[in-house]
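Each chain gets a letter, A, B and so on, in the order the sequences are listed, and its residues count up from 1.
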Amino acid sequence: MNVAAGKIIAGALAPHPPHLVYAENPPQNEPTAECGWEPIRWAYYEMQKSFKKKDYDVIVVLSPHWQTYIGTHVLAVPEFKSLSVDPVFPNLFRYHYDLKVDVDLAKQICDEGKEAGLEMQLMQNPDFRVDYGTIISCHMANPDWDKPILSISSNRSTHYYSPDYMQGISIPLGEVTRKAIEKSGKRCLLLASNSLSHRHFTKEPPIPEDMSYEHIYNHNQYLWDMRIIDMMRKGQSQEILDIMPDFVEQSVSEADSGAFTWLLSALERPTYPAKIYGYGTVIGTGNVVAEWDCDTKGAEQ
Amino acid sequence: MRPVANHPVEAGFILPGLPHPLLCPEDNPGWQKIRNAFNRVRAKIEEINPDLLLIYSTMWPSVIGHQIQSNPNPEWKHVDELFHNLGTIPYKFRVDADFANEYNKLSQKRGLHTRTVNYHGFPIDTGSVVVQKLVNPENKYKAVILSSNVYADRAETVVFAKAGVDALQEQNKKSVAIVVSSLSNRLHEKFIPANMDKIHSQKDEEWNRKMLELLGEGRLEDVAQLSRQIQREARVRKVTSFKPMWWLVSVMGAHNCYNGEVLEYQPIYGAGAGVIALTRAEHAARNLEFDEEDPEKFAGDRNVLSLSAESLGEMSSQSTVSHNPEDNEEDL
């Protein structure tokens with residue numbers, strides 16, 4: 001086993017509001033915007049610079065918008081080329097994607113998960129449409145799309161039982177992801193594609209990018225977001241996992257997807273600080289762009 | 001009182017949206033029975049020969065109010081995000097875009113936040129695709145598909161349904177209403193051999209049987225009144241409330257005067273799949289307890305504890321109920 005070669009080089013919280021890609025106006029996206037959500041987009045720019053300096057082979061992303069109620073699924077078709085239309089915000093996100101998948105690593109994570117007793121399945125249907133959470137997080141982290149990706153589904157165990165039960169699946173899933181990467185010999189970047197607090201406004205302004213309408217949904221959610229970010233700054237990953245069930249339930253957090261728990265677990269519950277690139281709201285939800293650098297371990301901060 | 005035929009929604013159907021009856025009915029006798037029941041629904045719809053199918057799908061969640069599909073010819077190769085191994089479902093549907101726009105306009109007139117969606121490649125949900133492929137395989141009828149707003153509660157859902165009736169009346173169209181929903185919706189947490197399928201739990205089974213009993217008696221309003229309890233007892237809490245019966249009863253008429261027919265009930269991967277038809281009846285069934293004498297006009301509290309045979313015979317809820325929506329309009 002080539003334990004030394006494979007490695008997670010960094011992990012990041014990379015939320016996926018389609019508004020961010022919309023405001024970026026990349027050629028892949030059909031709708032165009034005048035502006036919008038700059039603090040989060042600028043945060044992504046800083047994280048992109050950090051990622052550009054790193055030597056890595058694959059981006060591994062866990063997306064809340066690939067929702068599987070039976071087990072955890074992993075993309076396992078070498079290439080996908082299609083159109084992704086956001087079912088909630090089709091006016092903002094109609095994105096033509098063309099991406100490559102690391103199928104070997106997908107199989108390794110799947111096998112490792114099964115060995116650990118997790119319910120796992122490879123997704124091998126070539127007509128499958130890659131979910132927009134995966135696409136948006138990957139685009140914002142690496143708009144050049146010059147690296148293969150690997151997408152892992154969100155098992156909806158929070159909805160089936162509770163956030164505690166979700167953690168019972170997501171923590172071992174993070175561990176098997178790390179083990180599979182170590183065995184693969186590949187250098188990987190991990191993205192948890194979730195917002196923090198996640199209560200949306202139920203109305204959209206006439207101009208979606210009119211920032212005079214944009215703010216956190218309520219103060220309770222803001223307090224929770226700031227509390228979690230403060231803990232991230234202090235390297236209190238275990239403590240975050242400890243309060244995750246309360247965070248999920250009280251702030252309607254998108255961490256219910258298991259993505260955040262999976263990330264902290266895969267990173268071995270870092271005790272070093274996360275680099276906070278920025279925080280902002282999108283249609284009322286709280287979004288932080290943050291990185292745990294596994295090499296520097298926050299030493300540069 | 002106007003004749004029964006005046007209501008623009010001639011029948012209602014509650015249909016499951018999981019893909020197994022479409023893609024692999026032969027793998028499980030129960031899935032095949034559901035498929036056969038879909039065929040009976042198809043025949044019933046053909047008997048009615050509606051102008052359009054009005055489909056409310058619990059498998060299409062929306063956040064920004066309700067969304068209404070208005071692409072006249074949506075076309076795609078659909079793959080379910082969970083059961084992708086069962087195969088691809090190519091589809092091309094006919095959507096009544098004029099009606100969708102009317103429904104949107106009249107929803108907004110009633111104070112709702114709604115919008116139409118007309119985008120190539122918009123991801124129509126598995127349930128709407130499966131139901132259309134099975135009950136309208138040759139696209140004989142145009143359809144309009146409605147989302148289920150995850151944040152909506154009863155009032156918003158009821159008003160949304162009423163806007164649908166408004167639109168049907170405005171365009172003078174005859175429709176059947178279709179709800180795409182499982183009864184209990186908890187799937188098995190592990191993949192199982194097809195022949196091992198069963199309802200996820202005894203509790204789910206009991207609630208499904210209760211729903212089927214009531215619906216079989218035509219008591220749609222009673223089931224709608226139970227929606228919050230059904231949500232607590234028999235539904236995975238993906239959304240804030242169990243809404244489809246609120247929509248269906250409001251679009252058909254908020255009472256129990258229906259002929260209910262349970263065409264089939266089987267497990268599909270642990271969930272309760274019921275194929276249920278509701279058509280209009282002149283009279284509600286006997287010996288049923290209603291909350292109101294008349295859901296449209298308040299006539300005092302009812303004494304439900306000491307009914308004589310004579311008084312039973314005079315109960316307005318046991319008498320003919322108007323099926324004309326103009327007679328049934330109520331303020332919320």
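A search for ring pair (Phe, Tyr, Trp, His ring centres under 6.0 Å) contacts involving B:Y265 returns nothing, not counting sequence neighbours. Residues that satisfy the salt bridge (charged side-chain N to carboxylate O under 4.0 Å, His left out) test with B:K210, not counting sequence neighbours, are B:E213.
At a 4.5 Å heavy-atom cutoff, the contact between B:V117 and chain A is made by side-chain atoms alone. Proximity to chain B (any heavy atom under 4.5 Å) is restricted, for A:F201, to the backbone atoms N, CA, C and O. Residue A:I283 touches chain B through its side chain alone, counting heavy-atom pairs closer than 4.5 Å.
For the atom pair CG (B:L18) and CG (B:L86), the distance works out to 10.0 Å, reported to the nearest 0.5 Å.
Here the side chains of A:L75 and A:F128 are in contact, with some heavy-atom distance below 4.5 Å. Side-chain contact between B:L82 and A:I70 is present, with at least one heavy-atom pair separated by less than 4.5 Å. Side-chain contact between A:V101 and A:V77: absent, with no pair of heavy atoms (C-beta onward) separated by less than 4.5 Å. Residues B:N208 and B:I199 meet the side-chain proximity criterion, which asks for heavy atoms closer than 4.5 Å. For the pair B:L226/B:F242, no side-chain contact is recorded, criterion being any heavy-atom separation below 4.5 Å from C-beta on.
A donor-acceptor contact shorter than 3.5 Å is absent between the side chain of B:N136 and the backbone of B:Q132.
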Between chain A and chain B, which donor-acceptor pairs sit under 3.5 Å apart?
| from | atom 1 | to | atom 2 | distance (Å) |
| --- | --- | --- | --- | --- |
| B:G65 | N | A:T202 | O | 3.4 |
| B:Q67 | NE2 | A:P87 | O | 2.8 |
| B:E81 | O | A:W66 | NE1 | 3.0 |
| B:E81 | OE1 | A:Q67 | N | 3.2 |
| B:H84 | O | A:N125 | ND2 | 3.1 |
| B:H84 | NE2 | A:H73 | ND1 | 2.7 |
| B:T88 | OG1 | A:N125 | OD1 | 3.4 |
| B:T88 | OG1 | A:N125 | ND2 | 3.3 |
| B:T88 | OG1 | A:D127 | OD2 | 2.7 |
| B:R115 | NH1 | A:E204 | OE1 | 2.6 |
| B:R115 | NH2 | A:V88 | O | 2.7 |
| B:G121 | O | A:R129 | NH1 | 2.6 |
| B:G121 | O | A:R129 | NH2 | 3.0 |
| B:Y151 | OH | A:H200 | N | 3.3 |
| B:Y151 | OH | A:H200 | ND1 | 3.3 |
| B:R186 | NH1 | A:Y160 | O | 2.9 |
| B:R186 | NH2 | A:Y160 | O | 3.0 |
| B:L187 | N | A:Y160 | OH | 2.6 |
| B:L187 | O | A:Y160 | OH | 3.3 |
| B:E189 | OE1 | A:Y161 | OH | 2.6 |
| B:E189 | OE2 | A:Y161 | OH | 3.2 |
| B:F191 | N | A:E119 | OE2 | 3.0 |
| B:R237 | O | A:H159 | ND1 | 3.2 |

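Residues of residues 24-31 of chain B having a heavy atom under 4.5 Å from any heavy atom of chain A: none.
Around CD1 of B:I192, the count of heavy atoms belonging to other residues, nucleotides or ligands within 6.0 Å exceeds 12.
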**Criterion side chain to side chain contact (heavy atoms under 4.5 Å, CB included) on B:V180 and B:I55, from CA distance to verdict** = CA-CA 7 Å; B:V180 180; B:I55 301 172; 3.6 Å; yes
